[in-house]
Amino acid sequence: MKSFTYERATSPAEAAAKAARTPGARFIAGGTNLLDLMKLEIETPPHLIDVNGLGLDKIEATDDGGLRIGALVRNTDLAADDRVRRDYGVLSRALLAGASGQLRNKATTAGNLLQRTRCPYFYDTGQACNKRTPGSGCSAIGGFSRQHAVVGASTACIATHPSDMAVAMRVLDAQVETVKPDGKTRRIKIADFHKLPGSTPHIETALQAGEFITAVTLPKPIGGIHVYHKIRDRASYAFALVSVAAVIQPDGTGRVALGGVAHKPWRVEKAETDLPKGAKAVMAKLMADATPTPENEFKITLVERTLSAALMDARA
Amino acid sequence: MKFDTPATTNPIDQLKVVGKPTDRIDGPLKTTGMAPYAYEQHEAAPNAAYGYVVGATIAKGTIAALDLSKAESAPGVITIVTADTVGKLDKGNFNTAKLLGGPDIQHYHQAIALVVAETFEQARSAAGMIKVRYTKARGEHDLEAIRTTATRHKDSKDSLVGDFVGAFSAAPVQLDVTYRTPDHAHAMMEPHASIASWEGDKLTLWTSNQMIDWGRGDVAKTLGVPKDNVRLISPYIGGGFGGKLFVRADAILAALGARQAKRPVKVALPRSFMFNNTPHRPATIQRIRIGASKDGKISAIGHENWSGDLAGGGPEDATQQTKFLYAGANRLITTRLAVLDLPEGNAMRAPGEAPGLMALEIAIDEMAEKLGLDPIEFRVINDTQVDPENPARPFSQRQLIKCLQSGADRFGWDKRGEPGKTRDGRWLTGMGVAAAFRNNLTMKSAARVKLDNKGVVTVETDMTDIGTGTYTIIAQTAAEMMGVVLDKVVVKLGDSSFPVSAGSGGQWGANSSTAGVYAACVKLREMVAKSQKFDPAKTSFADGKVTSGRKSIDLGKAAGVSGMVAEDFIEFGDLGKTHQQSTFGAHFVEVGVNVVTAEIRIRRMLAVCAAGRILNPKSARSQVIGAMTMGAGAALMEDLVIDKRHGFFVNHDLAGYEVPVHADIPHQEVIFLDETDPMSSPMKAKGVGELGICGVGAAIANAVYNATAVRVRHYPITLDKLLKDMPQIA
């Protein structure tokens, strides 16, 4: 770990402004991912801005019937919120499928969106990684790739996004509210928030330098049956091999997003029109142009079977 | 005391203290955080500087250039240890690769430097500033690819009996299958850690080590100092599983760092180093052939095993159990070793038998199915009460059949269905069984016993407690022998200034170390009796008193003002040669396999063990359920994955190397059969800590087969290996 300086921000706008002033600065909230990365010198921020005291820990109703989730709402609190449990079951289930009780108590909503890949080559500073050191190459390609992406990958990076929560938010069409260093605010659709790796896998989100997440909003509830299936070797405390978030309506229409298959929560809206025809029909577009490795091609079968079971459950 | 005739009745047989389920006497210290582990000996070495290890990032080659300049001038840095600064360094007898590499690199994360600084953070930060340029050399990293180059290790003995090839080809029913087990990490909770302090030319090392005397010898040899100048102290150990049998880089580098910094230095290996810096259980490839008559009698049994290690290393002999477990007149049992450029392999909980039974006990299940026999019945038909290779040698005790049959009753084995036919909602369910087998090893072990004028008995031995409950069984042994309550016994362990013990390894520790304490107590009893002019043969020790005829005196009074001290050891004669001494068990497992995703979840586990006298049923049960959990990990998830291009274990943290969590282990039951083994020691005990893992993996594998009708022969059994054969879902 490199030495770093530390300060506490007093407002979101000030946090963003401070971050813009110090190149490489990072916000710290729960620290459940960042501190590990700093100890391993995968992240070496010269400056940390503690945003824990900013009061962004409330879950409020929005004027259009949705919810605004403060950036610092802890995963545990979000999963347990009555409104989330009632109207956004997929989100509550996804949160509870993630990490461990201790980590969820600490981890925040914004931090969860910003957590970084668990690719083992990214975690080993002795190995080449375009995400860690742009231009150094990708050791995962041709290496141990069981956990890696099967869709949306590039020749520069085959990492996956590890979040469960973000997959549910993707299926719910959440939006990310931010404030920029100049004090201006904006909303980013979750679909646009996480990036595919392309030739710049180190750029993981749409956030600009210093831009600070203040909240995530959910549109008004859409009803339906909410499903989150996380498939893993170990029964708990493991990242998804594949996860399927789905909201299925009584008429068989619905939405589906996947975790564990891509550099971002994976959703293909045009595939969803085929949902009433069953999982096999959906797969053609949902997993089009998949580029699995021999070690992870099982993920495609797993997605289809899990989705198929989810659709059966929803009909039952 | 030499143990060379079978034990007769002795004071241990009273079972007033021994044999009772007893809370561990060190429990309160551990649960309150008051037990100082190696890295926490703050009072012993208050002025310690911090060392941080730098590991090589190539598998094989040389260091072309090592640039320390930035690190040397970093804040707080006191000194940097490298191969260039330490002079000539030897290698320990128990190490394969050097603990400080450079310029030659033998494996990934081989230590190449230690940065010593005022704080941990300063040392770690400066370690990151060291720049290394390597010249890579080509290495072999793929056992499968070089299997044909494997040779017989000098210590491996082929077991060739009768005409295996002829008998196998003539057998009406044949099985010829190959199984694979991957490399495994010990994944103990406490990383390797040490604090070193020099006073003149005398070194004290507070370390986390299972075998104090081995460690002391290897520290001395490596550093080139007399053994008498080295003291090892290791009172508490946060798990070892074989990974701490030997001195590792933390200890040697702490000693070198302290010498160079001229003050105490503490070093803990970072978690990632546990995987590529310290030893692991090597992967195996195992071909098993069984030939049998139609009524299930084995006529030919063949087990060929391949593993790999660094040059100069040893094999993972997965055939050990096959030499003893089943009858069969014609036998071919061999193990072969290939040279691999990976971090060194070595012992991990039940080395040999653990991966060996993972294969053999699937093969038995497969063969039983071919024969149309229940797998328990097949095992019963082929039971042997003598060493199959040398029928003149009987087993000292062998209750395998009783383990299997009583376990079957307890588990409800008769409810096992046809493969792939039992459903519980969205789950296919199945049951599996496997035999457990682990040889009983004995080791010379010494102890010192002191009796003070208050009747307090203090035991001193360099034996270790690696979380197994050694403190408690030693206290129970001394209390039983001296006729005092447990509270009157103080146990001091893990210090090389104490008499040399068996140490903790190979599940020999419990039996051998308590037998050593027994021997010392026998001597102390004689001293006490003689001091009162009692005939030792007619003197009893009970309720804190020593009594002969009508004369009785408090033990403390008998000890006199200055107390008494006795020291002795147990050493073992030929009973292990004349009799095959082994421990036995049966594992039963029920699993559910998700019909959609092929996720495998254990539903319940039962182990029935026959392992001599159980000294403390409570800590013995803890050992067995812990081992069953480890076996579940080996069966379902543990897999040190090799990057065959770069020659290292990729998943080198506890997120990537998964071990079971609570949710994976819902229900475990352990039954110990009544047994005493007078051939094993005066304690009539054996070991259970390794027996518990032996066979678990195969029982799980067989349960998965019974649930799904899909046979997986390549561990771990993960869902991707089942998925293509799972039922269609509409």
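First the proteins, then the strands, lettered A, B, ... as listed; each starts at 1.
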Practice task
Identify the residues of residues 228-236 of chain A whose heavy atoms come closer than 4.5 Å to a heavy atom of chain B, ordered by number, or report 'none'.
Solution key: A/Lys230, A/Ile231, A/Arg232, A/Asp233, A/Arg234, A/Ala235, A/Ser236
Practice task
Taking side-chain hydrogen bond (donor to acceptor under 3.5 Å, both in side chains) as the test, write out the residues that go with B/Arg423, two or more places apart.
Solution key: none
Exercise for the section: May I ask you to name which of B/Arg426, B/Met726, B/His109 has the most heavy-atom pairs under 4.5 Å with chain A? Expected result: B/Arg426
Fill in the blank from the handout: Assert top hit (heavy-atom pairs under 4.5 Å, partner chain B, pool A/Glu295, A/Glu304, A/Lys39) equals A/Lys39
Handout entry: Closest approach of B/Thr57 to A/Gly126 (non-hydrogen atoms, all atoms of both residues)
Key = CG2-CA, 3.6 Å
Handout entry: Option passing side chain to side chain contact (heavy atoms under 4.5 Å, CB included) with A/Pro120 (candidates B/Val650, B/Val641, B/Asp653, B/Asp643)
Key = B/Val650
Problem - Per-residue contact mode, A/Leu311 against chain B (heavy atom under 4.5 angstrom) - result: neither
Completion exercise
Closest heavy-atom pair, B/Gly128 versus A/Lys2, reported as atoms and distance to 0.1 Å, is O-NZ, 4.5 Å
Handout entry: Residues that B/Arg603 engages under side-chain hydrogen bond (donor to acceptor under 3.5 Å, both in side chains), provided they are two or more places apart
Key = B/Asp424
Exercise for the section: Measure the CD-OH distance between A/Gln127 and B/Tyr108 for me, rounded to the nearest 0.5 Å. Expected result: 4.0 Å
Problem - Heavy-atom proximity to chain A below 4.5 Å, by part of B/Val595 - result: backbone
Practice task
Would you give the length of the straight line joining atom NE2 of B/His662 to atom OG of A/Ser100, rounded to the nearest 0.5 angstrom?
Solution key: 12.5 Å
Fill in the blank from the handout: Honestly, the part of B/Arg601 sitting under 4.5 Å from a heavy atom of chain A is side chain
Fill in the blank from the handout: Smallest heavy-atom separation, A/Thr306 atom then B/Thr597 atom, equals OG1-CG2, 3.7 Å
Exercise for the section: Verify, without hydrogens or angle tests, whether A/Arg305 (side chain) and B/Ala598 (backbone) share a donor-acceptor contact under 3.5 angstrom. Expected result: no
Exercise for the section: Taking only Lys NZ, Arg NE, NH1 and NH2, and the carboxylate oxygens of Asp or Glu, determine whether A/Lys299 and B/Asp720 approach each other closer than 4.0 Å. Expected result: no
Exercise for the section: May I ask you to decide if A/Ser139's main-chain N or O and B/Arg645's side chain share a donor-acceptor pair within less than 3.5 Å? Expected result: yes
Problem - Side-chain heavy-atom pair A/Phe144, B/Ile642 within 4.5 angstrom cut-off - result: no
Fill in the blank from the handout: ring-ring contact (aromatic ring centres under 6.0 Å, His included) filter on A/Phe4, not counting sequence neighbours, yields none
